[in-house]
Amino acid sequence: MNNKQKLRQHMIQKRKQLSTQYIKQSSERICENLQHNFFYRRSGKILFYMSFNNEVDLRPAIEKAWDEGKQVVLPRVNARKKTMDCYRVTSFAQLVLSKYGILEPVVEEAKRVDPALLDVVIVPAVAFDKQGYRLGYGGGYYDRFFSRYGDCTRIGVAYPEQIVDTVYPESHDQKVHFIITSQGESVI
């Protein structure tokens, strides 16, 4: 097992130990801090994600985005192609549980969004390092997505405990432009 795999296991285990109350309070604070980001504020079309395994819960930010008239877009994993497709959603009722246990949009071609038109992508992670590299679950979905649609602003969200010195980045890894925690924002 290499350093990256060891770090992934350690950080997933660490996140599993966070209390429900801590996750809720930290997620709310992260959502508030996200709404102060200049690029987020001026964006119209945002790719969010639905939380999984104690990730930062973005539902408060999604609800606020709907209230502000922003277009909320969510990813749907295409495991066969190893890609993410994007769909506009206007309510949580438009989501279904995937085979991975993640809420994803129902496939409706009329609601498909061209990823090249996204202003901002909110990025989850198992961990981020201080240079803006992320450690995910190892599927490479976000790295492939950003290598193809890299013009949008990438904002990582994480608990302070998820920020580490290095995630052992590789040549194909894609950085985020900002990391937002409950303690504030870091510009990369």
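Note: hydrogens, waters and symmetry copies are ignored here, and every other heavy atom, side chains too, is used.
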Hey, does the side chain of Gln162 reach the backbone of Ala125 with a donor-acceptor pair shorter than 3.5 angstrom? yes

Taking every non-hydrogen atom, the tightest pair across Phe39 and Val120: O-CG2, 3.7 Å

Where Ser182 and Ser26 come nearest, the two heavy atoms and their spacing: CB-O, 4.0 Å

Restricting to non-hydrogen atoms, name the atom on Asp119 and the atom on Gly44 that form the minimum distance, rounded to 0.1 Å. OD2-N, 2.7 Å

Value for CD1 (Ile155) from OH (Tyr40), rounded to nearest 0.5 Å, stands at 8.5 Å

State, without any angle test, whether Glu161 and Tyr22 hold a side-chain donor-acceptor pair at a distance under 3.5 Å. yes

Candidate pair Arg112 and Glu108, rule salt bridge (charged side-chain N to carboxylate O under 4.0 Å, His left out), full reasoning: CA-CA 7 Å; Arg112 186 185 283 263; Glu108 285 185 49; over 6 Å; no

The single option from Val72, Val121, Ile122, Val73 that satisfies side chain to side chain contact (heavy atoms under 4.5 Å, CB included) with Ile46 is Ile122

Can you confirm whether more than 12 heavy atoms, excluding those of Gln21, are under 6.0 Å from its CD atom? no

Do Lys24 and Glu28 meet the salt-bridge criterion of a basic N to acidic O distance under 4.0 Å? yes

Leu74, Leu117: one ILVMFWY side-chain cluster at the under-4.5 Å cut-off? no

Cation-pi geometry met for Lys175 and Tyr133 (6.0 Å, 45°): yes

Examine Arg154 relative to Phe178 and say whether NZ or CZ is less than 6.0 Å from the centre of the six-membered ring and inside a 45° cone about the ring axis. no

Looking only at heavy atoms, what is the nearest atom pair of Pro75 and Pro105, with distance? O-CD, 3.3 Å

Check: Thr153 and Ser43 side chains under 4.5 Å, non-hydrogen atoms: no

For residues Lys64 and Gln35, determine if any side-chain heavy atom of one lies less than 4.5 Å from a side-chain heavy atom of the other. yes

Distance under 6.0 Å and angle within 45° of the ring axis: does Arg144 meet both against Tyr141? yes

Please determine whether side-chain contact (heavy atoms from CB on, under 4.5 Å) holds for the pair Tyr49 and Tyr142, giving the CA-CA distance in whole Å, both sets of side-chain angles, and the decisive distance to 0.1 Å. CA-CA 11 Å; Tyr49 67 86; Tyr142 279 93; 3.8 Å; yes

Say whether Glu185 and Asn33, considering side chains only, have a donor N or O and an acceptor N or O under 3.5 Å apart. no

Quick one: does Asn78's side chain get under 4.5 Å of Met84's, heavy atoms only? no

Report yes if the side chains of Arg29 and Glu32 come closer than 4.5 Å at any heavy-atom pair, otherwise no. yes

I'd like to check Met50 versus Ile62 (side-chain heavy atoms, cut-off strictly below 4.5 Å). Are they in contact? yes

Go through Asp173 and Lys4 one step at a time and tell me if the salt bridge (charged side-chain N to carboxylate O under 4.0 Å, His left out) criterion holds. CA-CA 12 Å; Asp173 288 339; Lys4 198 169 195 172; 3.0 Å; yes

For Glu55 and Tyr159, which heavy atoms make the closest approach, and how far apart are they? O-OH, 3.2 Å

Can you check whether Leu97's main-chain N or O pairs, donor with acceptor, with Glu104's side chain at less than 3.5 Å? no

Taken to the nearest 0.5 Å, the spacing of Phe145 CZ from Leu118 CG works out to 5.0 Å

Note: Lys130-Asp165 ion pair, threshold 4.0 Å (strictly below): yes

Is any side-chain heavy atom of Phe92 closer than 4.5 Å to one of Trp66? yes

How many angstroms lie between NZ in Lys16 and CG in Leu18, if you round to the nearest 0.5 Å? 12.0 Å

Tell me, do Leu103 and Val96 make a side-chain contact under 4.5 Å, heavy atoms counted? no

Between the main-chain N or O of Arg15 and the side-chain N or O of Asn54, is there a donor-acceptor pair closer than 3.5 Å? yes

Counting only heavy atoms not in Arg41, do more than 12 sit closer than 6.0 Å to its CZ atom? yes

Decide whether Leu47 and Val106 are clustered together by the hydrophobic rule: side chain heavy atoms of Ile, Leu, Val, Met, Phe, Trp, Tyr closer than 4.5 Å, transitively. no

Using modelled atom types only, decide if a donor and an acceptor are shared between the side chain of Arg76 and the backbone of Cys86 within a distance under 3.5 Å. no

When clusters are formed by joining ILVMFWY residues with side-chain heavy atoms under 4.5 Å apart, either directly or through shared neighbours, do Phe128 and Phe52 land in the same one? yes

Could you tell me if the side chain of Pro60 sits less than 4.5 Å from the side chain of Ser27, heavy atoms only? no

Atom NE2 in His36, atom CG in Leu34: separation rounded to 0.5 Å? 9.5 Å

Gln94 side chain to Thr90 backbone, donor-acceptor under 3.5 Å: yes

Exercise: identify the closest heavy-atom pair between Ile30 and Ile180: O-CG2, 3.8 Å

Should Tyr100 and Val107 be regarded as members of a common hydrophobic cluster, given that ILVMFWY residues are connected when their side-chain heavy atoms come within less than 4.5 Å of each other, either directly or indirectly? no

Are more than 12 heavy atoms from other residues, nucleotides or ligands located less than 6.0 Å from atom CG of Asp151? no

dist Thr166:OG1 -> Asp129:CG (nearest 0.5 Å) comes out at 5.0 Å

Gln25 side, atom CD; Thr20 side, atom OG1 - distance, nearest 0.5 Å: 11.0 Å

Decide whether Tyr87 and Ile102 are clustered together by the hydrophobic rule: side chain heavy atoms of Ile, Leu, Val, Met, Phe, Trp, Tyr closer than 4.5 Å, transitively. no

